[in-house]
Amino acid sequence: MGTQHIVVVGAGIVGAASAIWLRRAGLEVTLVDKGAPGMGASYGNACILARSAIVPVTTPGLIPKGPRYLFDPNFPLFMRWSYLPRLLPWLAKYLKNANDADTRRISRGLATVVGDSVEQHKALTDGMPAAKWIQDSEYNFVYRDRAAFEADAYTWALRREAGFVPEIIEGDAVREREPILSPDMRLLAVNKDHGFILNPGSYVQDLVTQFEGMGGRFLQAEVKDFELMGGQITAVATDQGRLACDKAVLSAGVWSGALMKKLGLEVPLEAERGYHIIFKNPSQRPNNPMMLTEGKFVATPMDQGLRCAGIVEFGGLSDVKSRKPLEMLRRTVARTFPDLDYTTEEEWLGFRPAPTDSLPLIGEVRGSGVYTAFGHHHIGLTGGPKTGRLVADMIAGNWPNADVSAFDPMRFAKT
């Protein structure tokens, strides 16, 4: 048997990582995306390698709090109300996980994908020019006071159980550590041994360039369908022609849902509309990336300026920006960084792939030779290299030394 040919669908961080690890395993690989590499959700994230991002949104108590959050103009959760009827079936399944047992189950799964994120990014880029984009750092949570920090006791307990124990800084020492912060911010929970990417879009582009230098092929084309014979994939159909293959990796983010239907699986996947603003030429930058807990968004000192990202809106795949999320982001930035000046802004809207159980889909679909690698919700950049490595190992016949059952794409199959 000759060398296997693998088609990877989607050239974000997950697809790029999958393609590189598959090439390192000696397989022939074609990477396909309808757009330029790294310009989807991978472009617009908060840049953080958030090893401690093991707590899902669906924690206990979310159901009674949810309506109040939606109507609070200062809470970073927004809804396009005309979309609510379409959202309800997904939302009902999503909220079923807002209990202690499911939160802990999901948290264990997330830890598998993100717990060694910094090491996985460095392993992916070993010897590559793309390594220059990786920065070691702390990842700090900003609170108004100890009472606000203690209100998050449940989530910090989960992190501690996974080995993430923060250093607590209080009072005037907070501004000594981070002078950009308002004097009203009086507690900092410092998480060591994290990292961030100076420019995620350029990072993924450099990864794909390196992949091509390794003998891989990148094709800009839109994938339309999978061709199967006897239940086994034989080709990927695109608007640029047919790509014969032995196996395929589906890593197209939120766009993966429609292609899963071609395989007979209806995945409960929703587009979470994510926003960021880059404040160009800022007069101040944080010393380390920080989560502003009052606004539930992250401020990161990236190479393009100060990126503030993380607002959530449900409203489908429309590319029309809503003003209220962006206005809320600006208000919170002004309140938290009162002395910040900048020259211009850049707004962005993108779509995060959100499964109802907050866990990515990683594994083979019905023995078809099609492997899923999507559905990372808020952790795509963080968990992309580990996911790519897991999928490449599965395809190369080296079963991962980790429990990956939580990510089985067949968990959504109707029985």
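Annotation: Asn401, atom CG; neighbour count of heavy atoms from other residues, nucleotides and ligands within 6.0 Å does not exceed 12.
A donor and an acceptor atom, one from each side chain of Glu270 and Tyr83, are located under 3.5 Å apart. The closest side-chain donor-acceptor pair between Asp193 and Tyr139, if any, does not fall under 3.5 angstrom. Side chains of Glu272 and His378: a donor on one and an acceptor on the other come within 3.5 Å. With no hydrogens or angles considered, no side-chain donor-acceptor pair links Asp357 and Tyr94 at under 3.5 Å. In this structure, a donor-acceptor pair under 3.5 Å is absent between the side chains of Arg335 and Ser182. Neither side chain, Gln304 nor Lys280, offers a donor N or O lying under 3.5 Å from an acceptor on the other. For the residue pair Trp133 / Asp206, a side-chain donor-acceptor distance below 3.5 Å is found, with atom types taken as modelled.
With salt bridges taken as basic N to acidic carboxylate O contacts below 4.0 Å, one links Glu138 and Arg177. One finds no salt bridge joining Glu313 and Lys324 here, because no Lys/Arg side-chain nitrogen approaches an Asp/Glu carboxylate oxygen to under 4.0 Å. Under the 4.0 Å criterion applied to side-chain N and carboxylate O atoms, Glu227 and Lys262 are not assigned as salt-bridge partners. Between Arg186 and Asp172 there is a salt bridge, since at least one side-chain N of the basic residue sits less than 4.0 Å from a carboxylate O of the acidic one. For the pair Arg144 and Glu294, the salt-bridge criterion is met [side-chain N within less than 4.0 Å of a carboxylate O]. Salt-bridge formation is not detected for the pair Glu346/Arg307: no Lys NZ or Arg NE/NH1/NH2 atom is positioned less than 4.0 Å from an Asp or Glu carboxylate oxygen. Between Asp102 and Arg105 a salt bridge is recorded (basic side-chain N to carboxylate O distance below 4.0 Å). A salt bridge is defined here as a Lys NZ or Arg NE, NH1 or NH2 lying under 4.0 Å from an Asp or Glu carboxylate O, and Asp100 with Arg104 meets this definition. A salt bridge does not link Arg366 with Glu364: none of the charged nitrogens is closer than 4.0 Å to a carboxylate oxygen.
A 4.5 Å side-chain heavy-atom check between Leu49 and His194 finds every atom pair outside the cut-off. Residues Leu228 and Thr234 fail the side-chain proximity criterion, which asks for heavy atoms closer than 4.5 Å.
Classified by interplanar angle (parallel below 30°, tilted 30° to 60°, perpendicular above 60°), the ring pair Phe149/Trp156 is tilted. The aromatic rings of Phe351 and Trp255 sit perpendicular to each other, their planes meeting at more than 60°, with 30° as the lower class boundary.
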Handout entry: Worked verdict on Asp136 versus Lys122 for salt bridge (Lys or Arg N to Asp or Glu O under 4.0 Å)
Key = CA-CA 10 Å; Asp136 292 309; Lys122 290 180 177 180; 2.9 Å; yes

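In this structure, OG on Ser283 lies 11.0 Å from CZ on Phe337, to the nearest 0.5 angstrom. Rounded to the nearest 0.5 Å, atoms OG1 (Thr300) and CG (Leu198) are 10.0 Å apart.
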